[in-house]
Amino acid sequence: MSAIKKFQVTFDCAEPERLARFWCEVLGYVVPPPPKGFATWDDFKRSLPSDQQDAWFACIDPSGVGPRLYFQRVPEGKAAKNRLHLDVRVGTGLVGEERLAALEAECARLVPLGAVHVRTLYEGNDSCIPMQDIEGNEFCID
């Protein structure tokens, strides 16, 4: 039996730092410290060749429990529905109207950050809110 391995979730995107900072707000993640020898991320970026500046960015769970999120710039735009998406779990353990209210409150918090509310799914005790991030990647408030 092999050991459990850590993993990161990688997003292909147009604007890595902008998308990373959006997900920091959604998940309560933080931007890690800049690489050794650099006081700021801007100092680090300026040290890179121009074609590598702003090519990637990352954010981390400050508790160290959740996976690192890595954002890499790609030349092509998003063309189809994601085959994989994140579920932001804010309604765990809740049912019915209480669950729906928690999901709707989180949706209301994220829309001003640039998230798009796609629809609200509600069937008695269960609910889910499909959304899109600032680059159109699907995710759900669950």
Side-chain angles (χ1 to χ4, degrees), residues 1-122 125-142:
M1 189 151 184
S2 65
I4 295 174
K5 295 174 178 57
K6 289 194 172 221
F7 66 95
Q8 75 178 9
V9 178
T10 301
F11 290 74
D12 288 351
C13 60
E15 297 180 72
E17 184 172 349
R18 181 173 175 251
L19 190 55
R21 291 188 184 279
F22 169 83
W23 280 102
C24 282
E25 291 293 324
V26 172
L27 301 173
Y29 271 39
V30 297
V31 174
K36 289 184 190 226
F38 297 94
T40 67
W41 278 104
D42 284 338
D43 291 343
F44 172 73
K45 282 192 251 183
R46 282 191 291 274
S47 75
L48 299 172
S50 61
D51 65 327
Q52 292 178 19
Q53 293 177 3
D54 300 315
W56 63 271
F57 210 77
C59 59
I60 58 172
D61 177 353
S63 72
V65 175
R68 177 180 190 244
L69 302 182
Y70 182 80
F71 303 84
Q72 60 188 8
R73 185 178 61 216
V74 296
E76 69 277 358
K78 184 175 179 320
K81 184 179 183 303
N82 299 7
R83 295 289 305 263
L84 173 79
H85 70 265
L86 301 182
D87 285 343
V88 179
R89 310 292 314 270
V90 299
T92 303
L94 302 176
V95 295
E97 294 293 326
E98 185 180 19
R99 176 180 169 83
L100 182 60
L103 273 57
E104 287 177 333
E106 183 67 359
C107 179
R109 183 182 79 83
L110 299 181
V111 167
L113 299 176
V116 175
H117 176 207
V118 175
R119 65 183 173 278
T120 299
L121 303 173
Y122 179 62
N125 287 328
D126 199 15
S127 51
C128 175
I129 300 179
M131 300 189 75
Q132 293 178 340
D133 72 14
I134 59 175
E135 287 202 11
N137 299 301
E138 296 85 9
F139 70 98
C140 289
I141 303 296
D142 179 40

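Residue numbers count from 1 along this sequence. Heavy atoms only: backbone and side chains are in, while hydrogens, waters and symmetry mates are out.
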Nearest 0.5 Å please: distance from the [atom1] atom of [X] over to the [atom2] atom of [Y].
X      : Y      : atom1 : atom2 : result
Leu69  : Asp61  : CG    : CG    : 9.0 Å
Asp126 : Leu100 : CG    : CG    : 10.5 Å
Lys45  : Ser50  : NZ    : OG    : 14.0 Å
Gln132 : Lys78  : CD    : NZ    : 6.5 Å
Asn137 : Trp23  : CG    : CH2   : 8.0 Å
Leu19  : Arg21  : CG    : CZ    : 12.0 Å

Under 3.5 Å side-chain donor-acceptor pair for Gln72 and Asp12: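 Asp12 and Gln72 do have a side-chain donor-acceptor pair below 3.5 Å.
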
Exercise: identify the closest heavy-atom pair between Cys13 and Glu135: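 Closest heavy-atom pair between Cys13 and Glu135: CB-OE1, 3.1 Å.
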
Residue pair Asp133 / Phe139: nearest heavy atoms and the distance that separates them: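 Of all heavy-atom pairs spanning Asp133 and Phe139, the closest is N-CE2, 3.5 Å.
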
Residue pair Phe11 / Asn82, side-chain heavy-atom distance below 4.5 Å: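 A side-chain contact under 4.5 Å is absent here.
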
Indicate every side-chain donor-acceptor pair of residues 24-35 with a distance under 3.5 Å to a residue at least two apart or in another chain.
residue: Tyr29; atom: OH; partner: Pro67; partner atom: O; Å: 2.9

Can you give me every donor-acceptor pair (side chain of residues 111-120, partner residue at least two apart or in another chain, under 3.5 Å) with its distance?
residue: His117; atom: NE2; partner: Arg119; partner atom: O; Å: 3.3
residue: His117; atom: NE2; partner: Thr120; partner atom: OG1; Å: 2.8

With sequence neighbours excluded, residues passing side-chain contact (heavy atoms from CB on, under 4.5 Å) with Arg73: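 Per chain and number, Arg73 pairs via side-chain contact (heavy atoms from CB on, under 4.5 Å) with Pro16, Asp54, Ala55.
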
Test side chain to side chain contact (heavy atoms under 4.5 Å, CB included) applied to Ile129 and Val88, Asp142, Val90, Leu103, the passing residue: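 The side chain to side chain contact (heavy atoms under 4.5 Å, CB included) with Ile129 is passed solely by Leu103 among Val88, Asp142, Val90, Leu103.
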
Intermediate values then yes/no, side-chain contact (heavy atoms from CB on, under 4.5 Å), Trp56 and Thr10: CA-CA 10 Å; Trp56 63 271; Thr10 301; over 6 Å; no

Among Phe71, Tyr70, Trp41, the one residue meeting ring-ring contact (aromatic ring centres under 6.0 Å, His included) with Phe57: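 Only one of Phe71, Tyr70, Trp41 forms a ring-ring contact (aromatic ring centres under 6.0 Å, His included) with Phe57, namely Trp41.
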
Check: Glu138 side chain, His85 main-chain N or O, donor-acceptor pair, under 3.5 Å: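 Not at all, since once roles are kept as given, no pair shorter than 3.5 Å links the two residues.
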
Check: Ser127 main-chain N/O paired with Arg99 side-chain donor or acceptor under 3.5 Å: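 Yes: the side chain of Arg99 pairs with the backbone of Ser127.
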
Gln53 atom CD, neighbour heavy-atom count above 12 within 6.0 Å: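 Yes - once you tally the heavy atoms of other residues, nucleotides and ligands closer than 6.0 Å, there are more than 12.
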
